[in-house]
Chemist: 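My questions will all concern the structure given below.
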Amino acid sequence: MTRAAGAPASAPALARDWFDRPATTLARELLGCRFVHAAPDGTVGGLIVETEAYRGPEDRAAHSARGRTPRNAVMFGPPGFMYVYLVYGLHHCLNVVAGPGEKPEAVLIRAIALDEGMEIARARRGPAVPERRLASGPGNVGAALGIDRRHNGLDLLDSPVRVEARDFSPRVIRGPRVGVDYAGAWTARPLRFWIADDPHVSRR
DNA sequence: GTCGGGATCCTCT
DNA sequence: GAGGATCCCGACA
């Protein structure tokens, strides 16, 4: 992956239509896009390098599999919104709601290669954490970017959190998702996507 | 109201 | 590789 060092280039935020497609497609297309959170204590952002697609109600691993609830209601809304939830009572996982239309699909952001606000991320994660692990793994992404349940339901087109178009085409590898052993036939489906040879990917 | 489980991560062995 | 941390959510009574 090649990209100029130093200050990240500014790219236009993506339009609603861009998010309006199945999670499998969106999970691929999000790789290489910049994810940015302009928090009150500073801006942290970087390139998305690892994602997982969670399909509609038929996907037993997806939170939408058991129907609409107060927690997962955002998934049942329009695409381009954030779905944030707490797992294991500790970690906030960050999803982008996909389409098509209001089909309850979403893409989990599993790893980001930070290129902005590294010192802020380190302050949140701890001084001993190596750079490549600052936002590697879904729980770490939430921690590094300062995302929690207060961000659930935010519009990526109109909030301090946004996604910017990518300016290159990464080489993408796909494989089974992580931590969904309970999902029957869906466990082995290759719905996890990552950029080949990127050191920030959580499980290589 | 109660209870069991979970889209994780880190430390220790 | 194993196990603990930690608490919200959803199912059920």
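Given the structure is predicted, the values throughout are model-derived calculations rather than measurements. We name chains A, B, ... by the order of the sequence lines, and we start the count at 1 in each one.
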Chemist: Whole angstroms only, please: what is the CZ-P distance between Phe193(A) and dA7(B)?
Modeler: 19 Å
Chemist: Taking the minimum atom-to-atom distance to the side chain of Arg149(A), which one of dA7(B), dC8(C), dT8(B) wins?
Modeler: dC8(C)
Chemist: Can you tell me if Thr51(A) and Arg192(A) form a side-chain donor-acceptor pair at under 3.5 Å?
Modeler: no
Chemist: Please determine, for the side chain of Arg133(A), which listed nucleotide (dC10(B), dA5(C), dT8(B)) has the closest atom?
Modeler: dC10(B)
Chemist: Rounded to the nearest angstrom, tell me the gap between atom CG in Leu90(A) and atom P in dA7(B).
Modeler: 14 Å
Chemist: Tell me what Arg192(A) touches on the nucleic acid: a base, only sugar-phosphate, or nothing, going by heavy atoms under 4.0 Å.
Modeler: nothing
Chemist: Any donor-acceptor pair under 3.5 Å joining the side chain of Tyr88(A) to the base of dA5(C)?
Modeler: no
Chemist: Please report the distance, rounded to the nearest Å, between NE2 in His92(A) and C1' in dC9(B).
Modeler: 14 Å
Chemist: For Leu86(A), report the nucleic acid contact type (base, sugar-phosphate, nothing); a contact means any heavy atom under 4.0 Å.
Modeler: sugar-phosphate
Chemist: Do His151(A) and His92(A) make the cut of ring centroids closer than 6.0 angstrom?
Modeler: no
Chemist: Can you tell which of dC10(B), dC9(B), dA7(B) lies closest to the side chain of Arg125(A)?
Modeler: dC10(B)
Chemist: Report the nucleotide, chosen from dA7(B), dT8(B), dG10(C), that has the shortest atom-to-atom distance to any side-chain atom of Thr69(A).
Modeler: dG10(C)
Chemist: Just how far, in rounded Å, is P of dG5(B) from CZ of Arg71(A)?
Modeler: 15 Å
Chemist: Using a 4.0 Å heavy-atom cut-off across all strands, classify Asn140(A) as base, sugar-phosphate, or nothing.
Modeler: sugar-phosphate
Chemist: Would you classify Arg177(A) as touching base, sugar-phosphate or nothing, given that sugar-phosphate means primed atoms plus P, OP1 and OP2, and contacts are heavy atoms under 4.0 Å?
Modeler: nothing
Chemist: Taking the nucleotide of DNA chain C with the nearest heavy atom to each, does Asn72(A) or Val87(A) sit closer to the 5' end?
Modeler: Val87(A)
Chemist: Report yes or no: is the cationic atom of Arg71(A) (NZ for Lys, CZ for Arg) closer than 6.0 Å to the six-membered ring centre of Tyr85(A), at no more than 45° off its axis?
Modeler: yes
Chemist: Roughly, in whole Å, what's the span from CE in Met75(A) to P in dA7(B)?
Modeler: 12 Å
Chemist: Verify the neighbour count for atom CZ of Arg203(A): are there more than 12 heavy atoms of other residues, nucleotides or ligands below 6.0 Å?
Modeler: no
Chemist: Whole-Å distance between dG5(B) C1' and His63(A) NE2?
Modeler: 11 Å
Chemist: Expressed in angstrom and rounded to an integer, what is the separation of Asp181(A) atom CG from dT8(B) atom P?
Modeler: 10 Å
Chemist: Check whether any side-chain nitrogen or oxygen of Arg66(A) sits under 4.0 Å from OP1 or OP2 of dC9(C), and answer yes or no.
Modeler: no
Chemist: Of the options dC9(C), dG6(B), dC9(B), whose atoms approach the side-chain atoms of Tyr182(A) most closely?
Modeler: dG6(B)
Chemist: Quick one: is the NZ or CZ of Arg110(A) closer than 6.0 Å to the six-membered ring centre of Phe193(A), and within 45° of its axis?
Modeler: no
Chemist: Let's test this: given Watson-Crick or G-U wobble pairing with both distances under 3.5 Å, identify the partner of dC8(C).
Modeler: dG5(B)
Chemist: Is any side-chain nitrogen or oxygen of Arg203(A) closer than 4.0 Å to OP1 or OP2 of dT8(B)?
Modeler: no
Chemist: I need the single residue from Arg132(A), Arg133(A), Glu131(A), Glu50(A) that forms a side chain to side chain donor-acceptor pair (under 3.5 Å) with His200(A). Which is it?
Modeler: Glu131(A)
Chemist: Taking atom C1' of dC9(C) as reference, at what distance in whole Å does atom CG of Asn152(A) sit?
Modeler: 13 Å
Chemist: By the 4.0 Å heavy-atom rule, please label Gly89(A) as base, sugar-phosphate, or nothing.
Modeler: base
Chemist: So, OP1 or OP2 of dA7(B): does either fall under 4.0 Å of a side-chain N or O from Arg55(A)?
Modeler: no
